[in-house]
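Notes follow once the structure below has been shown.
Residue numbering restarts at 1 for every chain, and letters A, B, ... go by the order of the sequence lines.
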Number of protein chains: 2
Amino acid sequence: MAGRGRPRSDEKRQQILNAAAELFTREGYERTSLEQVAEEAGVSKQTIYNNFPSKEALLRAGILRRCEEALIAGEDLDFTLPPQAFLPLFADRFISSLTEEKPLAMYRLVMTESKRHPEVGIAFYDSGPKPVMESLARYLAEATARRELAVEEPLMAAAQYLFSINGFTVDMALVGLSEAARPFPTSSYVDHCTRCFLRAYAVA
Amino acid sequence: MAGRGRPRSDEKRQQILNAAAELFTREGYERTSLEQVAEEAGVSKQTIYNNFPSKEALLRAGILRRCEEALIAGEDLDFTLPPQAFLPLFADRFISSLTEEKPLAMYRLVMTESKRHPEVGIAFYDSGPKPVMESLARYLAEATARRELAVEEPLMAAAQYLFSINGFTVDMALVGLSEAARPFPTSSYVDHCTRCFLRAYAVA
DNA sequence: GAATTATTAGACTAACGGGTCTAGTATAGG
DNA sequence: CCTATACTAGACCCGTTAGTCTAATAATTC
């Protein structure tokens with residue numbers, strides 16, 4: 001089965017995927033030429049075509065790869081902390097992963113291209129929003145079992161908390177509003193959301 | 001000052017802006033050629049260049065125009081309704097304006113292009129998120145004055161409510177998740193958010 | 001070493017598209 | 001009517017780029 005002749009270099013394939021993801025997110029798909037990808041990857045154009053049938057296929061593969069390797073959750077946090085301590089921690093972790101340039105750029109790219117490549121949208125969801133939501137939902141369920149909270153629908157409650165923060169942050173960043181131009185500082189807003197959440201789900 | 005000779009037709013200008021906004025949102029900026037815009041507008045290519053110095057300028061003008069004419073809020077709702085009735089009404093109105101194809105497409109376009117055209121991001125914010133938030137905040141303040149709610153920070157509370165719904169809805173739509181693939185139905189989620197909000201801000 | 005496949009640098013093709021130009025026609029003010 | 005400007009259809013220019021091809025070299029298997 002092993003092909004005769006020189007084997008395809010997996011390293012080069014990875015270099016190509018990296019360069020593609022990097023440039024596509026930074027400059028946009030249409031504005032990036034394959035020549036640029038080749039140069040950034042330190043590889044010849046033909047090698048790209050040895051590995052991927054077309055630019056579109058490279059786009060797909062590039063995004064999917066980034067999604068796999070990004071897969072972030074919050075599983076390493078201390079799930080036994082009381083909600084007053086846990087939620088701000090979780091939020092902080094979450095926010096900082098959204099405020100950085102690279103995740104934002106990836107978000108932008110997925111938004112624009114997921115219409116033509118539905119799998120990409122799903123992969124993104126599975127690698128980002130979904131695990132984070134599920135992770136928080138698990139915490140909420142456990143805290144409820146410990147009688148520290150009274151959450152009936154952990155998944156929806158998690159979504160509600162995360163999206164209230166995420167929605168604001170991402171909207172502001174993507175629309176390009178500077179911190180100064182925003183109606184209120186992000187940190188106060190996160191505090192506000194957290195307090196409100198704790199009030200709504202406090203044990204009776 | 002009135003120029004001699006044939007005056008420029010404002011009608012044609014509008015046709016061009018419409019066609020541009022339509023095509024740019026539907027197909028994407030890079031994937032739309034000026035030939036297409038000219039045809040869709042029923043105008044010759046040169047007329048486009050009579051009205052706009054470049055494709056980029058046309059993009060800007062097209063988005064800005066759509067933002068102006070879109071400017072939606074909820075000012076026509078009955079602000080004297082009790083929160084239990086008002087919030088679902090407001091949410092419904094809000095959601096339906098987010099679920100339609102056209103606003104979503106515009107959102108996508110603004111997301112991608114606002115980096116190169118900051119004014120566009122600001123115009124979008126001023127025409128959509130901002131007035132809606134302010135409108136709801138006004139209601140919350142009034143309801144608090146009537147002792148039907150106890151909201152201390154109306155603007156943040158409004159943002160929190162709207163973004164928890166908006167964040168989820170838009171994320172799902174943009175990422176392309178069908179209603180079936182979502183973790184829970186949108187309508188249950190909106191109910192959930194509303195109930196939680198009312199609980200958190202109920203009068204003591 | 002022979003056969004085979006990968007890689008490279010670069011030339012090449014073919015299409016596309018932003019932007020300009022031309023020649024003719026239309027529409028306004030003076 | 002005259003002049004100035006707008007509009008149209010189409011040709012045109014020119015840079016860019018996805019994708020192919022070539023000729024030479026490198027890395028494998030047998």
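Note on ring orientation: taking the six-membered ring where Trp is involved, the planes of A/Phe86 and A/Phe79 are perpendicular (angle over 60°, cut-offs 30° and 60°).
Between the CD atom of A/Gln36 and the P atom of D/dT17 there is a distance of 7 Å, rounded to whole Å. Between the C1' atom of D/dG19 and the CD atom of A/Glu56 lies a distance of 14 Å, rounded to the nearest Å. What separates CG of A/Leu34 from P of C/dG10 is a distance of 18 Å, to the nearest Å. Look at CZ on A/Arg13: it is 11 Å from P on C/dT7, rounded to the nearest Å. If you take CD1 of A/Ile48 and P of D/dT17, they are 13 Å apart, rounded to a whole angstrom. At whole-Å resolution of the value, CD in A/Gln14 and P in C/dT7 are 13 Å apart. Rounded to an integer number of Å, the gap from B/Tyr49 OH to C/dC21 C1' is 13 Å. Counting to the nearest Å, the P atom of D/dT17 and the CD atom of A/Glu39 are 13 Å from each other.
Picking from D/dA4, C/dG19, D/dA18 the nucleotide with the shortest atom distance to the side chain of B/Arg4 gives D/dA4.
Across every non-hydrogen atom of A/Arg116 and A/Leu59, the tightest pair is NH2-CD2, 4.4 Å.
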Decide side-chain hydrogen bond (donor to acceptor under 3.5 Å, both in side chains) for A/His192 and B/Glu153; before the verdict, give the C-alpha distance in whole Å, the side-chain angles of both, and the deciding distance to 0.1 Å. CA-CA 9 Å; A/His192 174 94; B/Glu153 301 265 15; 5.8 Å; no
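Stem analysis of DNA chain D (at least three stacked-register Watson-Crick or G-U pairs, each with both distances under 3.5 Å) gives C:1-30 with D:1-30.
Taking the six-membered ring wherever Trp is involved, the centroid distance between the rings of A/Tyr139 and A/Phe90 does not fall below 6.0 Å.
Using a cutoff of 4.0 Å between basic side-chain nitrogens and carboxylate oxygens, A/Lys55 and A/Glu113 are not scored as salt-bridged. The existence of a salt bridge linking A/Arg138 and A/Glu142 is confirmed by a sub-4.0 Å separation between a basic side-chain nitrogen and an acidic carboxylate oxygen. With salt bridges taken as basic N to acidic carboxylate O contacts below 4.0 Å, one links A/Glu179 and A/Arg182. Taking the charged nitrogens against the carboxylate oxygens, A/Glu148 and A/Arg146 do have a contact shorter than 4.0 Å, which makes a salt bridge.
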Encode nucleotides 6-14 of chain D as B, S and - characters from 5' to 3', where the letter depends on protein heavy atoms closer than 4.0 Å: B to the base, S only to sugar-phosphate, - to neither. BSB------
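For A/Arg66 and A/Phe124, the positive end is not near the middle of the six-membered ring at less than 6.0 Å and at most 45° from its axis.
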